[in-house]
Each structure stands twice: as structure tokens, then as C-alpha cells.
Q: 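The structure's right below; bear with me while I get my questions together.
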There are 2 protein chains.
Amino acid sequence: MATMQEVATHAGVSIATVSFVVNGTKRVSPATRERVTAAMTELGFRNNVVARALASKRTRIIALLFPALEHRLGGTALTFFMSAASRASDLGYHLILWPVDTGPDELRDLLSGGLVDGVVLMEVKMHDTRIDRLAELRVPFVAIGRTADVDDLPFVDIDFETTVEEGLDYLTGLGHERIGLVIEDLEGTSMAGYGPHVRSERTYRDSMARRGLEPVVVFCGPGAAGGRQAATDLLAADPAMTATMIMKDDSAFGLVRGLLAEGRRVPDDFSVLSLSSSTEAGATSEPALTTMNAPGHELGTLAVEALIERLDGKAGQDAPLPHVLLPCILHEAGSTAAAPAR
Amino acid sequence: MATMQEVATHAGVSIATVSFVVNGTKRVSPATRERVTAAMTELGFRNNVVARALASKRTRIIALLFPALEHRLGGTALTFFMSAASRASDLGYHLILWPVDTGPDELRDLLSGGLVDGVVLMEVKMHDTRIDRLAELRVPFVAIGRTADVDDLPFVDIDFETTVEEGLDYLTGLGHERIGLVIEDLEGTSMAGYGPHVRSERTYRDSMARRGLEPVVVFCGPGAAGGRQAATDLLAADPAMTATMIMKDDSAFGLVRGLLAEGRRVPDDFSVLSLSSSTEAGATSEPALTTMNAPGHELGTLAVEALIERLDGKAGQDAPLPHVLLPCILHEAGSTAAAPAR
DNA sequence: CTGAAAGCGCTTACAG
DNA sequence: CTGAAAGCGCTTACAG
């Protein structure tokens, strides 16, 4: 493991010159560059990133803050972790996985060690104190998810509004008019006010009203049992219902079973559309569920790109904040069909 | 953000003394310690981890190497990531998520920058060249999973042998004798030779033989469709079969459906035991699947502990290598029952 | 128990 | 285009 000094000596130049060719920070004559490059390969030089970090005050490390206590992070989270790490790696950065489980003071302790240049924040709520802390600490960050007021928040998020709207377009296009929504019951948990739920429910209600249709929202417990109960609740609220959207992967199958138990075959009598899911998750059911696929990979990639762009200053101080919204993409499978004739 | 020097000046001591109280590396008189501590809190001192890393040649960062191209990492992986990161954090370390997608040379490039003190290696195959590279590079590491020859490999892994054995004990205890095994078909993929599959199948065959029973192994494609086909294949191989183990979460439900289609009710006529799964995954099916739960959380925690123990030298040079094996834990639910009377 | 000082391996004005 | 030198903020023998 040769040092930069050794390379310099070997090439007969100053250490500054070596630094310049390593980083491309300054013009170096082709001849010198050649000698330095040769010395580097000969000695097997590898830039010490810690020394560079200390001298340049940039570690090229970004942190992905995730809630340690929420062991309910879904399958999208894994895709997200991996995509974020891969994109960071491509851009010459490293991604640290940072569990945050206590109050906002912990955040300061963590971030002030000088280890990270910036932060990606996961699982944002509509009102999130961590955002304020981050701003106070003047740490560059990008949020995955949006708070209620989004004006001066740099974020990347699923466009739940468009997703729900398009989901309803799809179902009404199939002739359905009595369409329910099944979402997780978060009342009283630490995740109350979780953006995806709030926005989806609100958009659903608004959009149904705009279409002159009657909204029916059912809250759902965990697993297949929760889904089965949701089926019962749905039909109790409206026995003539012919379709529903559900935003809860682990209960979708139970919902289908529950509908069957209530005498509704899927998709012949009743259509089920799984929101913010994936083709793979849908394929574990039978019939395979029609899904609106969450863009977890794109989100992870874009979040990291947006953050690093801000860090590298390509986006100037006065550059517009990143506001990226990506809808889920419809994947048709076997759980949706034309509305039954009346 | 006060520096150590500023704290020293403020407390009227040398910077060395401040370092000693910060790190507890040397005896300091109570009076001086008191003054230093006061100065630290007053100035809001926070140790710069990068400077410490450069001076001490220890970054307190460990890397979790995951295969970037394998987008088939299961739900256990997420638990694993989070647990590893949390435990590292508890022990004063940071966990970098490191995608490795190309050849073993990349490994050298990545690790020689001096950023990481040690490595946790995921998704180990029976013959894994990365292990050899790591040993060559003299990077301290712990593997999740085992190679074929385990003698000088520091590892933490699921005890698939015990898991399969206990699964068979459980099923035979219920009176089953004709018991199949459904596993993923990895032939021809980059994951061929993947430890969990190889060991599970081998143990199953051996154990069945030892019990005087006839083994039936069926390879299974993705999703519910794969599971449904597996049901057909199972019964084609042995129409009198009354139970099976399956190591493939996403196909377990399809398997149950396929059995039903073949006229076998679960669990009355046929028992299904899902291996290396989780209670939550089992609960998405109906009936809820009896599972052998993968100890993802424990594995992540133990892997990091073992690695850090080696790094901190608590385990001396000649200390025995960590060889940790944890079996999956049985969780009884609704997919298993006493064998039907003949 | 405490301090002076060298050193970790780079980057970056500054000067030429 | 190239170099001498200060400095990033710590740790750690060494001496007393």
C-alpha cells in the first residue's frame, strides 16, 4: 500500500502533483502525468480515503437514516437500500446504514462527528421533527416521502395522488363504480400520520367525490386474517361493491379469500387492485394480483443522485430543491376484470 | 463544533489529556477529568471521527458486502441489514452497505482505500472465491453462510441441518411418513451451489434414508404458479404423500392452492411446513402456514459482534474462529396437523 | 498523572 | 505547469 509521497518520490515530482493527477483538480502536463500514472500502477497506489476526507473536509459518505424500531419496513425498503447503495457506489460515494431510534437529540450526536456529508431520510411523516432538526444542523439532506408542507423540503416520493387516480381510472375503465379502499390501520401507532396512507386515503375520497361515486374506506389488520376481515367489512358497507384497491401487501391474499368466502369470485365478480406493491408480491397470490408497482429502485437511485448533486454543488445554493414524484406503474394480472353485468 | 485543541486550551490542559479522557485510554486524575468534561460540554465538543480514524488507523467502519446483481435477496435480508446496522451502532461502529457486482479484483480496489476495518460477507456459496480474496487481502471478515470446507472460515449461519432434522422430527411426530421437499430450482443460475439449498436437500435425503423413508425432492419455479406446479409434481411422484416441507416463501401459498386443486385439503389431508421463513410471511397465507422461522435478527447481530470482537482484539490472534450456527425456530400455525388415518 | 511533539496521508491556497 | 509548506483534528509513544 504505497502512499502518495512514495509515488511522488518514485516519479520524481512533488506530492502536490500526484494529488492533482489523482483527483484531476489541476492541469498537469501529459509527460508528468504519464510518469505519475506509471509510478502509481507500479507501486500499486491506492488513495487513502480517510486522509483525503480529513484534508478536504469531505468524506464522500452519505447516511441512510432508517427507523430502527419500525420492524415493519416493507419489501420496498430492501430494494431501496440496495439501489441507494449501488447508485452511491457508482458516483464514488459510500452509503452508511444509520439506525435512529430515539429522540432528535440523538441525531445531532450522530451527525456532528463529521463522518457524513449528507443524509437520506426514510419513512417521513406528515409532520416530522427530524426534518426541522436536520435543517437546524445545516446537514444537506433529501427526504424519501413528504411532509404536509413541502415548499422548502428537498424530497423524492411515490406520487400517491397520481397512483390512486390512475388506479381509479383503470377500475372505472373496466366499468366499476362501487369501489372500496383498504388501508392499514395506523391509528394510535407511532406511524400515525404516515404520508402514504394519509395521501392515498385523501386522494381516494376526493377523486371518488369528483367522479360522483361513494367512497368506502376500510381499515385492515395484519396478515391474511386482516384481509379476510376487510372483505367482510367492505361488503357490509356496500353489498353491491364490485372492486377495491388495497394498500397492504400482506393482507391482499386474505382479502381475496375473504371475498370468496362471501361468495365473490375474483376477478369474475370482484376486482382487486393492489397499490404500492410489486409484480413479485402479486405473483405469490392466486390468481396473481394486478398491482400498481412501487418504484423502489428508481426512488433509491434518484434520492441518492439528488443528494450528491447538492453535495457536489452542481446544483448551486439557489438551485431549486429536488421535488421528484414517481407514480406506481400498473401491472395487469389476474385479479381484475370488467365489472359484472348488473 | 469545538476541536480537541480548543477544549484543551479552555480546560488548561494539553490536548493529549483531552484525548485520554475522551477515549478512556489512560488514567487521568478526577480533578482534571472534571475540568475537561466541563469544558467539553460547555464548548459542545464532538470528537471528529475522521481525524481519529487517520491518527489511530481505525475507522470503526465495517462493510456489509452484498451482491448487487442478486435482486432476489429475500425478506430475511432486510431484517439482517437492519439488525447488523443497529448492533454496529450500539458497539460504536458504522455499517456501510457495499454492493459488489463484478469480479474479485473489484474487492481489492474497494477495500484498499482504508475506509473499512472489516467486512461481513453475505450470500456465501459452497465454493466462494471472494473468501479467498478476503483472506489474501488480510481483511478481517465474518461470513454469513458457509463454504463447503469450513475449518478456517469465521462464520455465522443458519443451521440448516438441524432445521431440516427438526422439521422432519415434527412431521413424523404428527404421524407423517411420506414427506416431500420443495426447493427452488437454481440450476444454471449464478446462485447454483448456494449453501442453504445444497445443505437442506442433502440433510433431507440423508435424514429420510436414516429414518427408512423415501425422499421426494421437487424443484420449484417462482411465485404461486411455481408452487402450484410443485404440488402436482409432488403428488405425481408419490400420490400417497401426506406432508411436505418447502423452502420458498413466495411459492408456499401456491403450493397450498395446488394441493387443494388436487383434492388435498391443508392441513386435514396434507401438512405443509415452510422452512427458513417467518411468522409474518406465514400469516399472509390462509390457513396461516406453520413455519420454521429464520433467525435473521440474531444472525445480523451475531455476525457484527463476532467481527467487532476480532477487530477489537478481545479475541486474540490465536483465538478460535467464530463458528456460530442457529437453527430456525418452529412456529406452529394452521398448515400442519396429524397425518390422516390410512 | 500530564505534556511536548511527531505523525497519520492527504488537499489546497500561494508563489513562482 | 510545478513545488514548498501549512494544515485537516486527532492518537500515541516517549519523557518526566
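Not measured: the values here are computed from a predicted model. What's counted below: heavy atoms across the whole structure, side chains too, no hydrogens, waters or symmetry copies. Protein chains get the first letters and strands the later ones, always in sequence-line order, with residue 1 at the start of each.
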Q: Output all residues satisfying side chain to side chain contact (heavy atoms under 4.5 Å, CB included) with A:A306, sequence neighbours left out; order by chain, then residue number.
A: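 Counting only residues at least two positions away or on another chain, A:A306 forms a side chain to side chain contact (heavy atoms under 4.5 Å, CB included) with A:V142, A:P322.
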Q: Is any NZ, NE, NH1 or NH2 atom of the basic residue among B:R310 and B:D117 found under 4.0 Å from an Asp or Glu carboxylate oxygen of the other?
A: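 Salt bridge between B:R310 and B:D117, a charged N being under 4.0 Å from a carboxylate O: no.
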Q: Choose from D:dC1, C:dA4, D:dT2 the nucleotide whose nearest atom is closest to any side-chain atom of B:S14.
A: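 The answer is C:dA4.
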Q: Starting at the 5' end of DNA chain D, what dot-bracket string do you get if Watson-Crick and G-U pairs under 3.5 Å are bracketed, crossing pairs use [ ], other-strand pairs use | and unpaired bases use dots?
A: |||.||||||||.|||
Q: Phosphate oxygens OP1/OP2 of C:dT2: is one of them under 4.0 Å from a side-chain N or O of B:T17?
A: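 No.
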Q: Is there a residue in residues 34-43 of chain B whose heavy atoms reach under 4.0 Å of DNA chain C, and which residues are they?
A: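 Here the set is empty: none.
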Q: What heavy-atom pair brings A:I96 and A:L115 nearest, and what distance separates the two atoms?
A: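 Result for this residue pair: CD1-CD1, 3.6 Å.
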Q: Taking only side-chain nitrogens and oxygens of A:S29, does any of them come within less than 4.0 Å of OP1 or OP2 of D:dT2?
A: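 It does, given that an N or O in the side chain of A:S29 lies less than 4.0 Å from OP1 or OP2 of D:dT2.
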Q: What are the two closest heavy atoms between B:T59 and B:G114, and how far apart are they?
A: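 Closest approach of B:T59 to B:G114: CG2-O, 3.4 Å.
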Q: Identify the heavy atoms of B:F80 and B:I144 that sit nearest to each other, and give their distance.
A: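 B:F80 and B:I144 have their closest heavy atoms at CZ-CD1, 3.2 Å.
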Q: Between A:T79 and A:H297, do the side chains contain an N or O donor and an N or O acceptor separated by less than 3.5 Å?
A: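 A:T79 vs A:H297: no donor-acceptor pair found between side chains.
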Q: Holding to ring pair (Phe, Tyr, Trp, His ring centres under 6.0 Å), I want the full list of residues that pass it with A:F141, two or more places apart in sequence or in another chain.
A: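 Expected list: none.
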Q: Give me the atom names and distance for the closest heavy-atom approach of A:R130 to A:E123.
A: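 For A:R130 versus A:E123, the nearest heavy atoms are NH2-O, 3.0 Å.
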Q: So if I define the base as every atom that isn't primed, P, OP1 or OP2, how would nucleotides 8-16 of chain D read as a B/S/- string at a heavy-atom cutoff under 4.0 Å?
A: BBBBB-B--
Q: Could you pull out all residues at least two apart from B:F155 that satisfy ring pair (Phe, Tyr, Trp, His ring centres under 6.0 Å)?
A: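 Per chain and number, B:F155 pairs via ring pair (Phe, Tyr, Trp, His ring centres under 6.0 Å) with B:H323.
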Q: Verify the contact: side-chain N or O of A:T32 to OP1 or OP2 of D:dT2, cut-off strictly under 4.0 Å; return yes or no.
A: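 Affirmative; the distance criterion is met.
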Q: Could you report the tightest heavy-atom contact between B:A2 and B:E6, atom names first, then the distance?
A: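 So the minimum-distance heavy-atom pair works out to CA-OE1, 3.0 Å.
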